[in-house]
Student: 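Provided herewith is a single structure, encoded as structure tokens, for subsequent inquiry.
For reference, positions follow the sequence shown, starting with 1.
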Amino acid sequence: MPAKAPEPLLRTPADQLGKEEHIKLDSNHGVGHLNEHFTDMSVEDIIKESEFLAKAQGIYLEYNRAKTGREKDWSYMVRCSVPGGGSFTADQWRVFDRIADDYCDHNPYGTPSIRLTTRQNVQYHWVPKRNMLPLIQAIASTGFYTLNGCGDNVRNVMGCPLSKFSTVYDANAKAHQYGEYFRLPAAPHIQIFAVDPNHVRDAPAQYDYQPRLLNRKFKVAFSALTRDLHTGHLRGDNCVELRTHDLGVAPVLNDANDAVAAYMVYIGGGQGEKNGKPTFARLAQPFGVFNEENLMQGLRAIVKVHEDWGDRKNRHWARMKYVVHKQGIPWYQDEVRALGATFDQPIEGFDPGQREMHHGWTLQESNGKWAYGAYIECGRLVDSPDPDADPNHQSGNVTGNGNLKAMVRETLDAFPGTEVLITPNQDLVFTNIDEDAKTDFQDKLASYGHGTRKGKSYSTLRVLSGACVGLPTCRLSYTDSEQFEPELMDELDARGYGDVPESIGITGCERQCFRPATKTIGWVGQGPDRYALKLGGSEDGRHQGTWIVHEDQWFLRQVPRDKVADVTIALFELAKQNGYDPATKTPDPQSPTGDMGQVFRTLGAAKVIDHLKQTEGLAELFDKALKPPYLPDGPAVNGNS
């Protein structure tokens with residue numbers, strides 16, 4: 001029997017609106033009672049209506065998941081929108097650094113930390129209510145805001161950070177332009193948090209949000225172009241993984257003069273799913289080609305169609321991908337044209353490029369200076385030195401990655417004019433470094449322990465992998481992810497697989513914030529110390545992996561934590577047995593063994609399952625299977641190959 005398909009209630013009638021829609025409509029444009037509830041110190045939490053409204057202001061109510069009992073240890077996560085990842089000057093970053101010291105409690109690290117995200121945001125965790133207003137005010141003083149950090153609006157607009165220095169196309173500037181355009185009105189933010197109105201101002205032109213805002217979160221990303229310094233040729237730079245978003249925009253190059261001729265737009269992507277509901281993760285589909293003059297009107301119309309048609313009763317079907325799935329691209333094109341937008345049909349076979357990591361040195365074309373991409377494991381900036389080198393360090397959770405929080409602040413101060421940006425892979429890019437300062441700069445980072453974990457150099461596999469926050473911090477998570485990923489990498493390194501140039505993505509729940517399905521191997525939390533396998537993605541980010549489904553059965557949904565490394569290694573070995581060679585891996589999307597994901601897609605689920613069953617200690621993982629979830633395009637690793 002086929003899995004039940006999603007049935008979104010499109011253009012939801014007024015008498016069937018969900019409770020969240022009524023909260024928005026009754027909120028006085030999002031103000032509600034937020035100021036009253038955030039200044040009431042008699043309780044640490046806030047009521048559900050205010051909790052929902054606070055998301056549009058960049059705030060999530062959370063509690064310490066490590067503590068049990070009926071009394072919850074409430075705190076807040078605050079997310080700051082950073083269009084295109086920045087950039088931050090030394091003065092701006094000093095404020096962000098000090099916020100972690102002054103306003104955040106320090107569990108589970110025992111020392112202040114800052115979290116970088118896959119949407120190029122800055123997150124603060126473990127914020128007590130008493131610190132909420134001064135924290136929001138401090139962020140606003142830098143010119144960045146928590147507006148649109150969460151909630152039913154266009155979220156932080158992403159763009160390639162290094163494109164800021166391109167002589168051909170600046171996706172970072174596009175992210176700033178559209179981030180301002182889609183920002184929520186400033187007045188409620190000022191009223192709720194007593195923010196200085198000189199610090200938060202509306203842009204001259206802004207999207208006209210209605211009182212009930214959008215149906216759900218809406219994600220936008222701009223990919224870029226990068227130049228091969230050896231050949232001089234330009235190629236697509238898809239560090240933002242634009243097809244994982246509701247709306248992705250890629251530059252179309254005019255080969256005759258190395259100029260951007262137009263923009264290829266994709267719609268309907270999204271990685272989040274919901275257990276127990278017929279939902280799905282999917283890459284966005286080609287929509288159309290817009291020129292510069294029509295792009296703003298076109299993107300506005302795309303969002304407006306979803307705002308009007310998207311499900312407002314069932315929030316698990318409220319994302320744009322369900323409108324696209326139900327109605328199709330031709331229908332969506334007609335609706336966008338009806339709103340006055342002009343565009344051409346999509347370019348057949350267009351490739352936005354591979355996922356670029358931006359690690360190491362890159363020449364800034366526009367000014368001849370250098371950028372340095374610094375890997376930050378799981379995006380966590382915390383001072384946590386090697387415990388062997390500093391046995392007296394009293395950190396609550398020693399990461400062994402060095403004093404990374406101090407590193408950023410003090411390096412920016414030590415090299416005047418240097419700025420820093422956040423990448424879509426939770427890393428940092430330092431920019432504007434002089435040629436004659438490169439050695440000193442890298443030595444400076446190394447002096448804080450950067451480049452090693454517990455005294456060992458970062459492996460290739462580690463720097464291509466990562467995880468979302470997970471337990472004990474995230475309220476939605478079922479299990480560890482950020483706490484598990486370093487341990488998994490340590491084990492894979494120790495067992496001789498650190499040089500594999502592939503990626504592993506781990507998330508604590510099926511919302512999949514780290515986008516694990518677009519990695520070579522994805523592990524998705526399903527319960528305490530239990531992870532489900534997604535396979536069929538690729539390190540270059542071009543492909544969407546899926547659950548392991550064969551003959552109407554879903555396998556490997558509850559892999560124990562202590563078996564994850566064994567399954568991962570068995571998959572690595574299977575790929576090598578079938579032509580994959582890490583030494584000759586190429587970024588050619590047509591090569592049958594160019595990436596490990598292609599090997600798995602070619603082999604098919606039956607051969608993958610058979611190999612794992614024959615691997616010592618893994619056969620027991622197949623004792624139980626479930627009915628498969630809904631997969632709109634079928635399994636990426638299917639049973640028919």
Side-chain angles (χ1 to χ4, degrees), residues 5-18 21 24-25 152-155 157 174 177-185 203-222 242-243 245-252 261-270 282-315 317-348 350 632:
E7 289 294 338
L9 183 59
L10 301 185
R11 222 165 199 178
T12 308
D15 62 351
Q16 296 193 56
L17 295 176
E21 296 300 315
K24 288 184 284 187
L25 286 170
D152 294 351
N153 46 71
V154 173
R155 299 288 183 90
V157 178
K174 274 282 188 285
Q177 177 188 0
Y178 283 85
E180 289 186 358
Y181 177 71
F182 285 114
R183 189 191 306 146
L184 291 164
Q206 282 187 283
Y207 182 81
D208 49 331
Y209 288 99
Q210 300 305 301
R212 60 184 186 175
L213 302 179
L214 302 186
N215 324 63
R216 279 293 303 276
K217 57 187 173 185
F218 196 101
K219 298 180 178 181
V220 178
F222 290 84
L242 85 166
R243 293 188 64 197
H245 303 268
D246 296 270
L247 197 163
V249 184
V252 178
Y263 301 94
M264 176 79 165
V265 171
Y266 297 81
I267 67 169
R282 198 180 202 182
L283 294 181
Q285 300 175 51
F287 178 83
V289 177
F290 293 78
N291 62 28
E292 183 69 52
E293 291 72 27
N294 296 327
L295 186 62
M296 177 71 81
Q297 185 178 14
L299 299 196
R300 177 192 176 277
I302 289 169
V303 177
K304 276 295 177 188
V305 171
H306 176 244
E307 181 179 15
D308 189 26
W309 283 85
D311 193 333
R312 290 183 181 269
K313 177 182 179 181
N314 310 289
R315 286 183 68 80
W317 291 330
R319 293 289 297 276
M320 183 192 192
K321 60 187 173 184
Y322 298 107
V323 180
V324 174
H325 176 68
K326 188 77 173 178
Q327 302 295 94
I329 291 293
W331 173 90
Y332 214 110
Q333 290 175 326
D334 289 343
E335 293 295 313
V336 169
R337 289 191 187 98
L339 293 177
T342 302
F343 55 92
D344 296 324
Q345 288 298 316
I347 301 167
E348 187 174 351
F350 183 83

Student: Could you tell me which residues satisfy ring-ring contact (aromatic ring centres under 6.0 Å, His included) with Phe182, sequence neighbours excluded, listed by chain and number?
Tutor: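 Phe182 satisfies ring-ring contact (aromatic ring centres under 6.0 Å, His included) with Tyr207 only.
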Student: Keeping the roles fixed (side chain from Gln333, backbone from Gly288), state whether a donor-acceptor pair exists under 3.5 Å.
Tutor: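 The answer is no, because no donor-acceptor pair under 3.5 Å joins these two groups.
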Student: Decide, yes or no, whether a salt bridge links Arg300 with Glu307 under the criterion of side-chain N to carboxylate O below 4.0 Å.
Tutor: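 Salt bridge absent between Arg300 and Glu307.
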Student: What residues form a ring-ring contact (aromatic ring centres under 6.0 Å, His included) with Tyr266, not counting sequence neighbours?
Tutor: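 Expected list: none.
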Student: Where the side chain of Arg216 meets the backbone of Arg315, is there a donor-acceptor pair that is under 3.5 Å apart?
Tutor: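 Here the side-chain-to-backbone pair exists.
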Student: Looking at Gln210 and Asp208, would you say the former's side chain and the latter's main chain have a donor-acceptor pair under 3.5 Å?
Tutor: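 Such a contact is found between Gln210 side chain and Asp208 backbone.
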Student: Which heavy-atom pair separates Gln206 from Leu184 by the least distance, and what is that distance?
Tutor: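 For Gln206 and Leu184, the tightest heavy-atom pair comes out as NE2-O, 3.8 Å.
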Student: For Gly270 and Lys321, work out which heavy atoms get closest and say how close.
Tutor: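 For Gly270 versus Lys321, the nearest heavy atoms are O-NZ, 3.3 Å.
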Student: Please examine the side chains of Tyr209 and Leu214, heavy atoms only from C-beta on, and report whether any two atoms are closer than 4.5 Å.
Tutor: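 Leu214 reaches Tyr209 side chain to side chain.
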Student: Is any side-chain heavy atom of Val336 less than 4.5 Å from a side-chain heavy atom of Phe287?
Tutor: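 They are in contact (side-chain heavy atoms under 4.5 Å apart), so the answer is yes.
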Student: Do Ile302 and Met320 make a side-chain contact, defined as non-hydrogen atoms from C-beta onward lying under 4.5 Å apart?
Tutor: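 Answer yes - side chains close enough.
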Student: Rounded to the nearest 0.5 Å, how far does CD1 of Ile267 lie from CZ of Arg243?
Tutor: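 Spacing of CZ (Arg243) from CD1 (Ile267) equals 12.0 Å.
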Student: Is any side-chain heavy atom of Asp344 less than 4.5 Å from a side-chain heavy atom of Asn291?
Tutor: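 A side-chain contact under 4.5 Å is absent here.
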Student: Can you tell me how far CZ of Phe222 sits from CG of Leu299, rounded to the nearest 0.5 angstrom?
Tutor: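 Here the rounded value is 5.5 Å.
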Student: Tell me every residue that passes ring-ring contact (aromatic ring centres under 6.0 Å, His included) with His306, counting only those two or more places apart in sequence or in another chain.
Tutor: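 Partners of His306 under the ring-ring contact (aromatic ring centres under 6.0 Å, His included) test: Phe218.
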Student: Just wondering, do Asp152 and Lys24 contact through their side chains at under 4.5 Å, heavy atoms?
Tutor: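 Result yes, sub-4.5 Å side-chain heavy-atom pair found.
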Student: Taking atom CG of Leu213 and atom CG of Leu25, what is their separation to the nearest 0.5 Å?
Tutor: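 These two atoms lie 9.0 Å from each other.
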Student: Mind listing the closest non-hydrogen atom pair of Ala262 and Val289 along with its distance?
Tutor: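 So the minimum-distance heavy-atom pair works out to CB-CG1, 3.6 Å.
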Student: Going by the rule side-chain contact (heavy atoms from CB on, under 4.5 Å), which residues pair with Lys313 if we only count those two or more places apart in sequence or in a different chain?
Tutor: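 Leu9, Thr12, Gln16, Asp311.
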Student: Please identify which of these residues, Arg155, Arg319, Lys219, meets the salt bridge (Lys or Arg N to Asp or Glu O under 4.0 Å) condition with Asp246.
Tutor: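 Of the listed options, the one satisfying the test is Arg319.
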Student: For residues Gln285 and Tyr332, determine if any side-chain heavy atom of one lies less than 4.5 Å from a side-chain heavy atom of the other.
Tutor: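 Sidechains of Tyr332 and Gln285: no contact.
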Student: How about Arg212 and Leu17: do any of their side-chain heavy atoms sit closer than 4.5 Å?
Tutor: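 Yes, side chains in contact.
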Student: What pairs with Tyr181 under ring-ring contact (aromatic ring centres under 6.0 Å, His included), at least two apart in sequence or on another chain?
Tutor: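 Once residues adjacent in sequence are excluded, Tyr181 has no partner under the ring-ring contact (aromatic ring centres under 6.0 Å, His included) criterion.
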Student: Go through the steps to decide whether Arg282 and Val324 satisfy the test side-chain contact (heavy atoms from CB on, under 4.5 Å), and finish with yes or no.
Tutor: CA-CA 11 Å; Arg282 198 180 202 182; Val324 174; 5.6 Å; no
Student: Looking at CD of Gln345 and CD1 of Ile329, how far apart are the two atoms once the value is rounded to the nearest 0.5 Å?
Tutor: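 These two atoms lie 10.0 Å from each other.
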Student: Quick check: does any side chain N or O of Tyr178 sit under 3.5 Å from a backbone N or O of Met296, one acting as donor and the other as acceptor?
Tutor: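 Side chain of Tyr178 to backbone of Met296: a pair is present.
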Student: Rounded at 0.5 Å granularity, tell me how far CD in Gln297 sits from CZ in Phe343.
Tutor: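 One finds 11.0 Å between CD of Gln297 and CZ of Phe343.
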Student: Minimum heavy-atom separation for Phe290 and Gly298, please, with both atom names.
Tutor: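 Taking every non-hydrogen atom into account, CE2-CA, 3.6 Å.
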Student: With heavy-atom distances below 4.5 Å as the criterion, would you say the side chains of Arg11 and Asp308 are in contact?
Tutor: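 When only atoms from C-beta onward are counted, Asp308 and Arg11 do touch, with a gap below 4.5 Å.
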Student: Residues in side-chain contact (heavy atoms from CB on, under 4.5 Å) with Leu10, at least two apart?
Tutor: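 Residues passing side-chain contact (heavy atoms from CB on, under 4.5 Å) with Leu10: Pro8, Trp309, Val323, Lys326, Gln327.
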